[in-house]
Structure formats: C-alpha cells, structure tokens
Amino acid sequence: ERIDAKYLEQFDAFLIIRACTPSEKSNDVDCAVPAAVTPDEEMRAAHAKIIDALAGDLLIRLRESEPAFFEGVIVDLLLKMDYGYGDGSGSVLGKTGDDGVDGVINLDPLGVDQVYVQAKRYGASNSIGSGAIRDFYGALGLKDVTKGIFVTTSHFSESARDTADKLGARIVLIDGPQLARLMVNHEV
C-alpha cells in the first residue's frame, strides 16, 4: 500500500496532529499528542506509583510509631540487608544509658567488628543538624568503633551531610525517603 494522507487518516494520532496544524486549528480539538506508551511501560509506571504510595504510607506510620518499635525496625532492616552474621546478630540498645546509640549489629559471631545505629524519629519538617552527627560521632568514639549508621524519618541538613563526610569515622546517613525505599525493597 501507499502511505499518504488518506491512508494515515485511519489513525487517531494523525488526525489529532493534522487538526493542530495552523491552517486547520480548531478550539474544539485537544492538540495534545497521545504518548506512545507500551503496556510494559504502563505496568512499570503503575508499579512505581504503588511503591511510592507504599513508601509514603510506611514513612507516616514510622513517624507515628513508638521509639522502641522504630529502633527495632531499623535493626531488622539492617539484618535483612545482610549486615551481621545471622538473625541474632543485631540488638536494640535504645534506652536510658545507651551512650547515644540505639542499636548494634555484630558483623561477626564474636562481635569484634560492629556497626552502631542511631535512629531519630522526626516529623517531615524537622531536619537533623551537624550537632547530632557530632554527638553520634562522639558516641562511636566511646564504643571504640569507626562505623555507624544514622537513620531518620526526616532529612539531614547540608551541614550535617558535610560533617558526616569530614569526620574520621564512616557514618552513613539514611533519610526518610531512602529509609522507606529500603524497607520496601527488603520487604520489612
């Protein structure tokens, strides 16, 4: 067959584009060109929306949870992410006299190599500043370890991120959106 204007008129997209040319433009025609989206792309987009909604809901629920529950979720998440040597290698420490840490993950059966955790359950509008990072760094020094994970349901200020980068210990920062995505990805 020959592909000409008459042949192309059987396609809605052609009619929309043709109606939007300056010579035939009409106020009654929606000139938006339909996006060529495959079923796979539609499914992926729908899946991404569901994951985003789930992550948002998780974050709201975490902000409303009790501190001990939140700290336990963080330890469970790290264990699901393959930190530690097995199921019993993580514990929640968050209570009076915890020296500024809320949890610990033993990376080996004897607990020689450890990662300490700080968990802050804050509202979305609050942020973690550099002072909290320095306090956590000091707590790591008291425990004589050089690795820590600081998790919050809110976000970190730029100065907090700079402070974490410049300190001698390896401190990983996980903000609320990243926490929610990790929980979804690891089915926690």
Side-chain angles (χ1 to χ4, degrees), residues 1-66 69-90 103 105 107 115 117-128 147-158 160-162 164-165 170-188:
E1 287 188 47
R2 183 174 173 180
I3 299 176
D4 56 11
K6 185 165 180 76
Y7 173 79
L8 292 174
E9 285 175 354
Q10 67 181 323
F11 302 105
D12 291 336
F14 176 77
L15 295 174
I16 291 171
I17 292 169
R18 187 172 165 191
C20 292
T21 59
S23 63
E24 297 179 288
K25 190 152 182 111
S26 163
N27 290 337
D28 298 335
V29 177
D30 180 11
C31 290
V33 177
V37 179
T38 66
D40 185 54
E41 291 170 330
E42 283 185 29
M43 295 281 287
R44 289 179 190 274
H47 182 261
K49 284 181 183 178
I50 291 169
I51 296 300
D52 289 346
L54 176 59
D57 186 50
L58 280 172
L59 205 48
I60 289 168
R61 289 175 185 239
L62 285 174
R63 288 179 181 135
E64 296 171 349
S65 69
E66 294 295 320
F69 175 81
F70 176 62
E71 293 161 359
V73 165
I74 301 305
V75 170
D76 289 346
L77 172 62
L78 294 172
L79 292 174
K80 283 272 193 151
M81 292 174 64
D82 291 330
Y83 281 86
Y85 63 89
D87 287 341
S89 60
I105 306 289
L107 300 176
V115 174
V117 179
Q118 178 67 46
K120 294 289 186 192
R121 190 179 46 88
Y122 287 165
S125 61
N126 296 353
S127 69
I128 303 292
K147 292 181 253 182
I149 301 172
F150 198 119
V151 184
T152 183
T153 54
S154 62
H155 61 278
F156 295 95
S157 69
E158 197 59 41
R161 291 188 182 282
D162 290 343
D165 288 342
R170 174 74 176 128
I171 298 176
V172 174
L173 305 180
I174 300 174
D175 64 11
Q178 183 182 7
L179 170 61
R181 283 190 308 275
L182 288 170
M183 289 177 67
V184 170
N185 290 343
H186 294 280
E187 300 177 355
V188 174

Go through it in stages, so that I can follow the logic: the residues are Arg61 and Asp57, the test is salt bridge (charged side-chain N to carboxylate O under 4.0 Å, His left out), and I'd like the CA-CA distance, side-chain angles, deciding distance and then a yes or no.
CA-CA 6 Å; Arg61 289 175 185 239; Asp57 186 50; 3.0 Å; yes
Shortest non-hydrogen separation from Glu71 to Ala119 and the atoms involved:
CG-CB, 4.1 Å
To the nearest 0.5 Å, what is the distance between NZ (Lys49) and CG (Asp52)?
10.0 Å
At their closest point, which heavy atom of Ser89 faces which heavy atom of Gly84, and how far apart are they?
OG-CA, 3.3 Å
Nearest atoms (heavy-atom pairs only) where Gly176 meets Leu59:
O-CD1, 3.5 Å
Tightest non-hydrogen contact, residues Glu64 and Arg121, listed as C-NH1, 4.5 Å
Looking only at heavy atoms, what is the nearest atom pair of Ser154 and Pro177, with distance?
O-CD, 4.1 Å
Main-chain N/O of Tyr122 paired with Thr153 side-chain donor or acceptor, under 3.5 Å
yes
Take atom OH of Tyr85 as the centre, draw a 6.0 Å sphere, and report whether it contains more than 12 heavy atoms from other residues, nucleotides or ligands.
yes
Main chain of Ile128, side chain of Ser157: is a donor-acceptor contact present, judged purely on distance under 3.5 Å?
yes
Below 4.5 Å, heavy atoms only, C-beta onward: do Val115 and Leu78 meet side chain to side chain?
no
In chain order, what residues pass the side chain to side chain donor-acceptor pair (under 3.5 Å) check against Arg44, with sequence neighbours excluded?
Asp40
side-chain hydrogen bond (donor to acceptor under 3.5 Å, both in side chains) contacts touching residues 178-188 (sequence neighbours left out)
none
Would you call Leu77 and Leu179 a side-chain contact if the rule is heavy atoms closer than 4.5 Å?
yes
Is any side-chain heavy atom of Thr152 closer than 4.5 Å to one of Asn126?
no
Does Ile105 reach the side chain of Lys147, with side-chain heavy atoms less than 4.5 Å apart?
no
